[in-house]
2 protein chains.
Amino acid sequence: MKSVDDVREAGGADRERAGAVAGAVPAGKHAGGRRPGETRTREAILDAARACFAERGFDATSMRRIAEAAEVDQSLVHHFYGTKENLFLQALEVPLKMPQALAAAAEGGREGVGERMVRAHLALWDDLSTRPALMTMVRSASVHRVAAARLRETATTILADALGNVVTGEDAVLRSNLIATQLIGLAMMRYIAVLEPLAAADTDTVVRYYGPALQAIVEG
Amino acid sequence: MKSVDDVREAGGADRERAGAVAGAVPAGKHAGGRRPGETRTREAILDAARACFAERGFDATSMRRIAEAAEVDQSLVHHFYGTKENLFLQALEVPLKMPQALAAAAEGGREGVGERMVRAHLALWDDLSTRPALMTMVRSASVHRVAAARLRETATTILADALGNVVTGEDAVLRSNLIATQLIGLAMMRYIAVLEPLAAADTDTVVRYYGPALQAIVEG
DNA sequence: CGCTGAGTTCATCATGTGATGACTTAATGC
DNA sequence: GCATTAAGTCATCACATGATGAACTCAGCG
C-alpha cells in the first residue's frame with residue numbers, strides 16, 4: 001500500500017503494477033482480469049480507506065483517493081464495499097482492543113483510576129493498529145452522523161460500562177459523560193489540533209497532570 | 001433570512017421574491033438589477049454562511065446552500081466574498097466577547113476559578129451571537145487547516161493569556177493546554193456530539209461537577 | 001440630467017464526484 | 001474439462017460543485 005502522503009497529486013506516473021511484467025498485457029487487449037495467486041486486496045483497500053479517512057475526514061476523502069492509496073482501480077473499491085457510506089462504516093469499526101483496554105484500566109478500585117484511564121487512552125491512540133479507526137471516528141464525528149453516533153456509543157457503552165463499578169453515587173451517568181468528555185478533548189487537542197506543547201509532551205507528564213482531573217470527577 | 005433547516009431540498013418552489021410584485025419584471029427581460037432602498041445583504045450572507053458552516057462544517061456546506069439560506073443568488077456570495085475559503089475565514093472571526101469573557105472569569109484569584117471558567121465557557125456557547133462562530137470553529141477544526149489553526153490560537157493566545165496569573169509554576173503552558181482541552185471536550189460532547197445526559201443537563205450541574213476538574217489542573 | 005459604481009440575476013464552464021455496466025482473467029467446485 | 005463465481009480494468013454517466021462573465025437596475029454624486 002502506498003503511503004497516503006504519496007498520493008496527493010499523483011496523476012498517472014504509476015501505471016506499471018507489481019507483478020505485471022512489461023508486455024504481459026498485449027497492447028490493444030483489455031488489461032483487466034484477476035491476478036494470479038492469493039490476494040489480500042480487500043484488506044488493503046480497507047486499510048487505505050482507514051488511513052485516508054483518518055487523515056482528512058469523510059467529506060474530503062474521495063473514493064478515487066482511497067483507490068490510489070491502495071494501488072487499485074476505483075471500481076474495485078465499489079466492487080468490494082459498495083457505497084462510500086458503507087466503506088466508511090467498515091473503516092469505523094473500532095477494534096476490540098478498546099473496550100478491553102479501558103475495562104482493564106477501570107479495574108483495581110477507585111484509587112488512581114484517573115491516571116490509569118488516561119494512560120490506557122493514550123496507549124490506544126499511540127497504537128498503530130487502533131489509532132486510524134479512532135482518528136476516523138473523532139475527526140468525522142463533527143460532520144458525519146454515523147461517526148457521531150459511534151462516538152456517543154463509545155462514550156456510553158464502552159466507557160460508562162467500564163466505569164460502572166468506579167463512578168457511583170449521584171449523577172453517575174452524567175459524571176461518566178464528563179470523563180469521556182475529558183478523554184475526547186485530549187484526543188482532539190493532542191492528536192488532531194496538535195496543540196503545543198501538549199502534543200509533544202511525553203505520556204508520563206500528561207498522565208501526571210491530567211489523571212487527577214479525571215479523578216476529581218470520579219470522586220464527585 | 002431563511003432558516004437553515006428550510007433549505008434542505010428546496011429545489012425551486014420559491015421563485016417569487018419578497019417585493020417582486022407579479023409582473024413587475026416584464027417577461028423576456030432580465031430579472032437582475034439592484035434592489036431599491038438600502039440593503040443589508042452582505043451581512044445577511046455572512047450570517048447565513050455562519051449558520052450553515054456551524055451546522056454542517058466546511059466541506060458539506062456549498063456556496064449554493066449559503067446563497068439559498070440568505071435568499072440570494074449564488075453569484076452574489078462570490079461577488080461579496082470572493083472564494084469559499086475567504087468567506088469561511090470571515091465566518092470564523094471570533095467575536096471580541098470571547099477573550100473578554102474568559103479574561104473576566106480568570107480574574108479574582110485561584111479559588112473557584114475552575115467553576116468560573118466553565119460557566120463563562122458555557123455562557124459563550126449558549127449565547128446566540130457567539131455560538132455560530134464557535135461551532136464553526138470546532139466543527140471544522142478536524143478537517144480544515146485554518147479552523148484548526150484558529151482553534152490552537154484560541155487555546156493559546158486567548159486562554160493561556162487569560163490564565164497567566166492563575167496557572168503558574170511548573171509546566172504552566174502545558175497545564176493551560178490541558179484546561180483548553182477540557183473546555184473543547186465539553187463543547188464537543190455537549191453541543192456537537194450531543195451526548196446525553198450531558199447535553200440536557202443544566203448549566204449549574206455541569207459547572208458543579210466539571211469545575212473541580214479544571215481546578216485540579218490549576219492547582220497542579 | 002448623466003455618469004459611475006455598487007447590488008443583483010442568469011447562463012455557463014471546467015472539474016471532481018459517487019456510481020454503474022461491460023468486459024477480461026483467474027480460482028474453485030463438480 | 002467445464003461452468004460458475006470472484007477479482008480486476010476501462011469507459012462512461014449524471015450530477016453537484018466553485019467560479020466567472022455578461023447583462024441589468026438602482027443609488028449617489030456632479
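In this text, all values refer to a predicted model and were calculated from it rather than measured experimentally. So you know, we letter chains A, B, ... as the sequences are listed, proteins then strands, and number each from 1.
A 4.5 Å side-chain heavy-atom check between B:D47 and B:R40 finds at least one atom pair inside the cut-off. Using a 4.5 Å heavy-atom cutoff, the side chains of B:N177 and A:M189 are not in contact. No side-chain heavy atom of B:Q182 sits less than 4.5 Å from a side-chain heavy atom of B:M117.
For A:P36, the side-chain atoms get nearest to C:dA26 when compared with the rest of C:dC10, D:dC10, C:dA26. Taking every side-chain heavy atom of B:D73 into account, C:dT9 is the closest of C:dA19, C:dT9, D:dT9. For A:R64, counting side-chain heavy atoms from C-beta on, the closest listed nucleotide (C:dT20, C:dA27, D:dT12) is D:dT12. When distances are taken from the side chain of A:R34 to each of C:dT8, C:dA27, C:dT20, the shortest belongs to C:dA27.
If you take CD of B:E68 and P of D:dT17, they are 9 Å apart, rounded to a whole angstrom. For the pair A:D59 CG and D:dT17 P, the interatomic distance rounds to 11 Å; values are reported in whole Å. When the C1' atom of C:dT8 is taken as reference, atom CZ of B:F80 falls 9 Å away, rounded to whole Å. For the pair B:R65 CZ and D:dC15 P, the computed distance is 18 Å after rounding to whole Å. Rounding to whole angstrom units, CD1 of residue B:I66 and C1' of D:dA16 are separated by 15 Å. Rounded to whole Å, the distance from NE2 on A:H78 to P on D:dT9 is 15 Å. Straight-line distance from the CE atom of A:M63 to the P atom of D:dC13: 20 Å, rounded to whole Å. The nearest whole Å value for the distance from the CZ atom in A:R42 to the P atom in D:dG8 is 11 Å.
Using a 4.0 Å cut-off between a side-chain N of Lys or Arg and a carboxylate O of Asp or Glu, A:R150 and A:E153 qualify as a salt bridge.
Note on the helix from C:dC1-D:dG30 to C:dC30-D:dG1: terminal axis deviation equals 10°, with five pairs used at each end and the result rounded to 10°.
Between A:R35 and the phosphate of C:dA27, there is no side-chain N or O to OP1/OP2 separation shorter than 4.0 Å. Listed pair A:T39 / D:dA7 fails the phosphate criterion, with no side-chain N or O lying under 4.0 Å from OP1 or OP2. Remark: B:T41 is in phosphate contact with C:dT8, judged by side-chain N or O atoms under 4.0 Å from OP1 or OP2.
Heavy atoms of A:Q74 sit under 4.0 angstrom from at least one base atom.
Below the 3.5 angstrom threshold, one finds no donor paired with an acceptor across the side chain of B:S75 and the base of C:dT8.
Donor-acceptor pairing under 3.5 Å is lacking for the side chains of B:T83 and B:N86.
The stretch residues 45-68 of chain A participates, sequence neighbours left out, in these ring pair (Phe, Tyr, Trp, His ring centres under 6.0 Å) pairs: A:F53-A:F58, A:F53-A:F88, A:F58-A:F88, A:F58-A:H144.
For the side chain to side chain contact (heavy atoms under 4.5 Å, CB included) with B:L195, the lone residue among A:T156, A:L151, A:I184 that qualifies is A:T156.
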